[in-house]
Amino acid sequence: MATGKIHYEIHIKPAKGKWKMAGVMQSRDAAIRHARELSGGGVAVQVTKETHQPNEGNYLSVCIFREGMTNNWSRDPNAGKVDLVEALPCFQPGDLYSFESRQTIARLLRDSLARWRITPLELLHHPGHLERLESTGTVLQAAVQKVAIAQSQAGEGSVAERVKTLHKLISDAMKIVFVDHGKNKLPTFDENDFTALTEKLDGHPRSEYLLNAAIAHELEQCESWDRKLSTVLQWITELPANETTKRQALTSIDGFVAEIMSASSAVKDILGQQESLGDAITLLVRLFSGQLADGNNLGAGVLALNRYLATDRLPQSKMAIAGRILTELESNQRLAPNSIEDELVVTKKIGAQITLASNNFLPQEQVLDAFRERTKRFLVPETLEQILAGAENPAQRVGKLIMLSEHLVGNANRRQLAKILTGMVTEHALNSYFTSDATPVSERLRQLTALQEKVLQSEIDGAAKREATERFDYLCTSIMTSHDLLEKMIRSQPNAHDKALALLKLAASDMLTRGKARETAQRQALSYLREPGVLTEYLGGNGNQAEGRKKELSILLQQAGIDPHTVLGQSVAA
């Protein structure tokens, strides 16, 4: 609000002259009306609001009305630069109250609204807040300039024309509130409770505007965002009996709550200081679902909101929280700042939580888009190197890369990972590691089998998956061949059925990859089993003993990747 006495100065400027003062008035409306009378014929006019600053001994001057200039009024050196701003869809003062316009206001005045701890609805319905905005000078001018440039670039006239139109629109909207306030037309809850006021306003052509003004007035007394929530939400228990009036009143309540939950600064204040963005999003998801647990030093306001969100009575608020969740997910801030390993775990955990919570208010496709963008960052070279940094050898690096596929969302991200994997499995470093005897043979074989299984279980692109599995099988086969693994095993067994069993156990173990390595062991095992008399001798004996051996062999064949019927069926025929 104003800090001291206020007056309004009217200035005029002839087409080829300089600015000079044409009058001083105490009434804003009278000053603007007189300025309009002086404009025309090449004469430019402006009205400035002069607010006395007693602490500084001077006046703060803010232009509130301009007319008659055809060139660009702005002297801002950045006037030609503009952030991405949607043009305000406004043609008359009432349009400023629309949902789209309030969203634009929230973006343009984000820092000021956060500093003043108010929402666009409060700003638009409270004369004190509007006066404070008007007195800030550059804040309002910068916002108007951004919208004017955006509208001009959209083909809606010159920047100067749009500035003039927007100033008039804002001035007219402010005038409505100031006049209503001056004539004591803005109701408060000092004389009426919520139920009485809504019933009193029932049928009034401006019932929504007047109820919102009363709410804005009441919220001025709240010292925190959470207190604002609890103040507004308590009125749900005081809704009028008439269904139409009740619905309109609930819409107003929902609108104020939604704007509070749309503001980043408000959400941070309401949820309290969280250790990480991941913790904050987790709380938001629980709140969205109406499953926020008591405790955690949460205030009465957010706990009350949690109860109402569980019943879906506040659709605007539900959408606002969904939007807040998506906005936070799309930010560049890490979910878990302490380590990249924690980041991977938290990302996957939150993804599962949000997927369960997804509904019409939080569409799954929008959630997937947000996670596509967030998980795409894991493939940035610097981040990827952090993920792989803890690996002790090339095999572990490949394992970590395969594991990363579990945390990626989107086919494009998986294709990118596939390209990286293809390059990594054909690197000289990986080949050297597995062909070197520095690591025991059995350990290398187990590593290759484990890597191949991880790839097969992953969602990596088909061609890359096939190339990686074949590469692991090639390395496994090379190790088997270079160390005469199968030949040594065969020579160590005394007879054909023991040789077959040893080879089957090897094929069933975690030491042979799928493909040529395992098939070689399978083929040799089957060759011994099919030698004349081997199965008959092995499965001989009394009935129970024979049945037991047959069952054991059947299980072993299955574990080794061989259909038992292809072997045991032949033995029965023999």
Side-chain angles (χ1 to χ4, degrees), residues 8-11 13 28-29 31-33 35-36 38-40 43-49 60-113 116 118-127 129-179 209 259:
Y8 300 89
E9 297 181 358
I10 301 103
H11 299 262
K13 180 181 180 297
R28 170 195 177 95
D29 293 340
I32 293 175
R33 186 165 53 250
R36 284 177 172 155
L38 296 175
S39 67
V43 175
V45 297
Q46 70 176 19
V47 176
T48 60
K49 177 181 179 181
L60 173 65
S61 180
V62 178
C63 181
I64 62 170
F65 175 78
R66 288 169 171 162
E67 193 170 275
M69 292 285 284
T70 56
N71 62 310
N72 195 335
W73 284 86
S74 175
R75 296 179 182 178
D76 183 358
N78 295 317
K81 301 177 183 179
V82 61
D83 296 331
L84 184 59
V85 176
E86 291 183 12
L88 278 169
C90 300
F91 303 97
Q92 54 188 357
D95 294 335
L96 283 172
Y97 296 88
S98 70
F99 175 74
E100 293 79 8
S101 294
R102 297 198 320 266
Q103 281 191 315
T104 302
I105 291 170
R107 288 193 294 271
L108 291 169
L109 302 179
R110 181 184 58 192
D111 294 340
S112 296
L113 293 175
W116 300 334
I118 62 173
T119 63
L121 273 171
E122 292 175 82
L123 173 68
L124 292 169
H125 291 87
H126 194 291
H129 298 326
L130 288 173
E131 187 175 334
R132 175 162 50 182
L133 174 63
E134 190 179 59
S135 299
T136 57
T138 56
V139 173
L140 181 57
Q141 299 295 341
V144 169
Q145 189 75 18
K146 286 182 179 181
V147 176
I149 293 174
Q151 291 179 338
S152 178
Q153 291 174 346
E156 298 183 29
S158 68
V159 173
E161 290 171 343
R162 300 314 305 160
V163 167
K164 175 182 174 181
T165 301
L166 288 168
H167 270 300
K168 183 179 185 306
L169 183 72
I170 294 169
S171 178
D172 290 346
M174 287 183 172
K175 178 181 177 181
I176 292 172
V177 180
F178 291 148
V179 169
Y209 161 76
E259 288 196 351

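Atoms considered below: every heavy atom in the structure, side chains included; atoms not considered: hydrogens, waters and symmetry mates.
Here the side chain of T136 pairs a donor or acceptor atom with the backbone of L133 at under 3.5 angstrom. In this structure, H125 contributes its side chain and L121 its backbone to a donor-acceptor pair below 3.5 Å. Judged purely by atom type and a 3.5 angstrom limit, E67 has no side-chain atom pairing as donor or acceptor with the backbone of A44.
The closest side-chain heavy-atom distance from R36 to V45 is not below 4.5 Å. At least one side-chain heavy atom of Q145 sits less than 4.5 Å from a side-chain heavy atom of V159. Between L123 and L113, the closest side-chain pair of non-hydrogen atoms falls below 4.5 Å. L166 is listed as a side-chain neighbour of Q151, based on a closest heavy-atom distance under 4.5 Å.
A donor atom on one side chain and an acceptor atom on the other are not found under 3.5 Å apart for H129 and E131. S101 and S98 share a donor-acceptor pair across their side chains, judged by distance under 3.5 Å alone.
In this structure S152 satisfies the side chain to side chain donor-acceptor pair (under 3.5 Å) test with no other residue, sequence neighbours excluded. For Q141, the side chain to side chain donor-acceptor pair (under 3.5 Å) partners are H167, not counting sequence neighbours. Residues meeting the side chain to side chain donor-acceptor pair (under 3.5 Å) test with Y8, sequence neighbours left out: none.
Atom CH2 of W116 and atom CG of L109 lie 7.0 Å apart (nearest 0.5 Å). Remark: I10 CD1 to R33 CZ distance equals 10.5 Å, nearest 0.5 Å. With rounding to the nearest 0.5 angstrom, the OG atom of S158 is 11.5 Å from the CD1 atom of I149.
Here the closest heavy-atom approach between residue T48 and residue Q46 is recorded as CG2-NE2, 3.9 Å. Closest non-hydrogen pair, S112 versus V139, comes out as OG-CG1, 3.4 Å.
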Next item on the list: For R102 and L124, run side-chain contact (heavy atoms from CB on, under 4.5 Å): C-alpha distance rounded to whole Å, both residues' side-chain angles, the deciding distance at 0.1 Å, then the answer.
Entry: CA-CA 9 Å; R102 297 198 320 266; L124 292 169; 4.0 Å; yes

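Ring pair Y97/Y209 is perpendicular by interplanar angle, where above 60° counts as perpendicular and below 30° as parallel.
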Could you go through residues 169-179 and list every donor-acceptor pair under 3.5 Å that involves a side-chain atom there, pairing it with any protein atom two or more places apart or in another chain?
residue: D172; atom: OD2; partner: K168; partner atom: NZ; Å: 2.8

